[in-house]
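Please read the structure below before turning to the comments.
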Amino acid sequence: MGYAMVRSVALHGVVGEVIVVEADVAPGLPSLVVSGLPDAALSEARDRVRAAVHNSGAYWPQQRITVNLLPAHVRKHGSGFDAAVAIAVLAAGSDLPIGRLADGVVLGELGLDGTVRPVRGILPAVLAASRAGVGFAVVPLANVTEARLVPDIEVRAADCLGRIIGYLYGSENLLDPAAKPQPPEAAPLDLADVLGQERGRRVIELAAAGRHHVAMFGPPGAGKTMLAERLPGVLPPLNDQEAIEATALHSVAGTLSPGSTLIRRAPLQAPHHTASVAALVGGGSGLAKPGAISLAHNGVLFLDECAEFANGALEALRQPLEEGEVRLRRTYGETVYPARVQLVLAANPCPCAKPGGQHMCECPSMVRRRYQARLSGPLMDRVDLQVDLDPVRSAALINAEAVEPTAVVAGRVRAARDAAIERWAPHASSNGEVPGSMLRHHRFRLPKPVVRPLTEAMDRGRLSARGFDRAVRVAWTLADLDGRERPEAGDVREALELRSRTVR
């Protein structure tokens, strides 16, 4: 009979919190009560843990056992507390020495045979433990590579509960597998594959240089999908902080393959047009899970055939695009996921979508208007670059000339990004993220003659205040790509044209 406590970690979205798992064994009828706002998976741990302990050769106390998870007001989700619950119960009821875990956390799900099974969200959980000052983490063997992506914390692995028990008694060692060599990362898709679409290539380069949202309209075969799929290869590699954020989100969603390293290339998410609101922005009963917009964090969210998406799903993107995060409120509280993405929309100009373009279209004008009206004005007002792409001519394919590959374009993008970082730091890292107040700061305010095309468009009702600022941001990107210190009137006119789908 006694009391013991072991630490673990609870996740709320991608934010972790160290949890104290305490166990008390007292006289009474054999039972196990779990308190501290556990979810269904955690409540069911009673039977899993008991069977795992028996099958590991340890003694299960035949008394009244109470397990409490502190702080008790915080909801706990998932099966990652199983191993910590088992160790705490054995320490309280069987005098298992736990001094070697005084500075550690224990994570892992238990199988009925005592195996320690992998769980989702190991990276953010170990990161939270490290930030809380914990120096040691015991994780499932299948999660050890992911856990070691976190610096400044010692990580050891366990393949079964018996090994953890043996380690605490001093008769066994935890596993310390050597890092496996990683296969080389696949080369990104090359922009050189896109022929006869100079306007589209120009827009993709602008989008990458300034982190601008893009909408491309054109007939089938114009290259919309090819251009969107090649945007991540043009974007600069993710820095350490961005890579950890992106990898943590995929870890929580369970889409991170075993043995993966940090995600260094900008992720691309391309959900099908039948995707629901929850699939796009996140959701689900109980614990809200990240959606495509969060899995594309620090990367690209590509909506092909965007006019076919449900209106509610598209409109749900407006707030995350503006704030860079998704707030999902459920009965049990609020979950926040980061969602800093570049949105790329692609659509046919009309339902018939003739390959020859608008002059071959058989749709009545009312049908075309209704089709394009599926993209609401408030959503499109948040898209900086909106262009119509012409059909690719046969000459571009038959007499194909060498075009710039991704590596060359990425070099110009990197130089433009560096110029933007130097200018706006520490307020923003790209032109597309600059606050409006900075654009009107006396150091960066553009002269009235330069912005006259925008003021005239705004006075005529063709441009909103949001559109004004977004066009100015695009003008700064145009200047950065040309190596100039400030935008000129021509940059502002081009930015307005790119926003109005009139550029040719």
Side-chain angles (χ1 to χ4, degrees), residues 185 187-192 198 200-214 227-228 230-247 262-268 296-301 321 324 338-344 384-385 403-446 450 469-492 494-495 498-499:
E185 189 177 27
L189 297 176
D190 203 327
L191 268 176
E198 290 304 317
R201 291 169 56 90
R202 169 71 164 167
V203 167
I204 290 299
E205 183 175 344
L206 276 171
R211 288 190 66 92
H212 302 295
H213 304 312
V214 185
L227 288 165
R230 283 151 179 77
L231 176 56
V234 181
L235 294 171
L238 304 185
N239 59 36
D240 290 345
Q241 180 62 33
E242 293 171 337
I244 289 175
E245 291 174 355
T247 309
L262 287 176
I263 297 174
R264 288 292 183 179
R265 183 181 299 164
L268 171 68
H297 179 58
N298 292 324
V300 177
L301 176 63
L321 291 177
R340 180 170 164 262
V341 303
Q342 284 186 255
L343 177 66
V344 179
D384 305 339
L385 305 171
V403 294
E404 288 183 329
T406 290
V408 175
V409 178
R412 289 198 298 267
V413 167
R414 179 73 268 178
R417 283 284 190 98
D418 290 342
I421 292 173
E422 183 178 355
R423 179 191 310 116
W424 306 118
H427 304 284
S429 59
S430 65
N431 294 322
E433 302 167 319
V434 181
S437 57
M438 286 295 297
L439 296 175
R440 284 176 282 281
H441 190 274
H442 66 88
R443 287 179 55 197
F444 307 111
R445 185 190 300 119
L446 300 181
V450 173
D469 284 350
R470 289 185 175 274
V472 172
R473 295 184 183 113
V474 173
W476 278 103
T477 302
L478 288 164
D480 287 340
L481 282 173
D482 287 346
R484 289 179 276 107
E485 292 187 0
R486 297 179 69 85
E488 299 172 353
D491 298 320
V492 172
E494 184 176 356
L498 286 168
R499 186 177 181 81

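Source: prediction; values computed, not measured. Heavy-atom basis, side chains included; hydrogens, waters and symmetry copies ignored.
One N or O on the side chain of D190 and one on the backbone of A192 form a donor-acceptor pair closer than 3.5 Å. Judged by distance alone, the side chain of Q342 and the main-chain N or O of A207 form a donor-acceptor pair under 3.5 Å. Between the side chain of R417 and the backbone N or O of A208 there is at least one donor-acceptor pair closer than 3.5 Å. R201 contributes a side-chain N or O that, together with a main-chain N or O of L191, makes up a donor-acceptor pair within less than 3.5 Å. Under the 3.5 Å distance criterion, the side-chain polar atoms of T247 are matched with a main-chain donor or acceptor of I263.
Within the model, atoms CG of L301 and CG of L321 stand 8.0 Å from one another, a figure rounded to the nearest 0.5 Å. For the atom pair CG of N431 and OG1 of T477, the computed distance is 3.5 Å after rounding to the nearest 0.5 Å. Taken to the nearest 0.5 Å, the CG atom of L206 stands 6.5 Å off from the CD atom of E494. Rounded to the nearest 0.5 Å, atoms CD (E404) and CZ (R412) are 4.0 Å apart.
Between W476 and F444, the ring planes are perpendicular. Angles over 60° get that label, and only those under 30° would be called parallel.
Between V341 and H213 the shortest heavy-atom distance is O-CE1, 3.2 Å. Heavy atoms only, all atoms of each residue included: G200 and L227 are closest at CA-CD1, 3.6 Å. The two residues L481 and A416 make their nearest non-hydrogen contact at CD2-CB, 3.9 Å. Here the shortest heavy-atom pairing between L238 and A243 reads CB-N, 3.9 Å. For I421 against S429, the heavy-atom pair with the smallest separation is CG1-O, 3.3 Å. Contact record, L478 with A495: CD1-N, 4.0 Å, taken as the closest heavy-atom pair.
For the residue pair N298 / R340, a side-chain donor-acceptor distance below 3.5 Å is found, with atom types taken as modelled.
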Practice problem: Under the side-chain contact (heavy atoms from CB on, under 4.5 Å) rule, what do E488 and V450 come out as? Steps first, then yes or no, please. | Solution: CA-CA 6 Å; E488 299 172 353; V450 173; 5.7 Å; no
Practice problem: Assess whether side-chain contact (heavy atoms from CB on, under 4.5 Å) is satisfied between H441 and H427, documenting all intermediate values. | Solution: CA-CA 12 Å; H441 190 274; H427 304 284; over 6 Å; no
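A salt bridge is defined here as a Lys NZ or Arg NE, NH1 or NH2 lying under 4.0 Å from an Asp or Glu carboxylate O, and R486 with D491 fails to meet this definition. Look at D240 and R264 and you find a salt bridge, because one of the NZ, NE, NH1 or NH2 atoms lies within 4.0 Å of a carboxylate O, short of that distance.
Here the options are R211, R473, R470, the test is salt bridge (charged side-chain N to carboxylate O under 4.0 Å, His left out), and the partner is D384; only R470 passes. For the side chain to side chain contact (heavy atoms under 4.5 Å, CB included) with I204, the qualifying choice from T406, L385, L231 is L231, the only one to do so.
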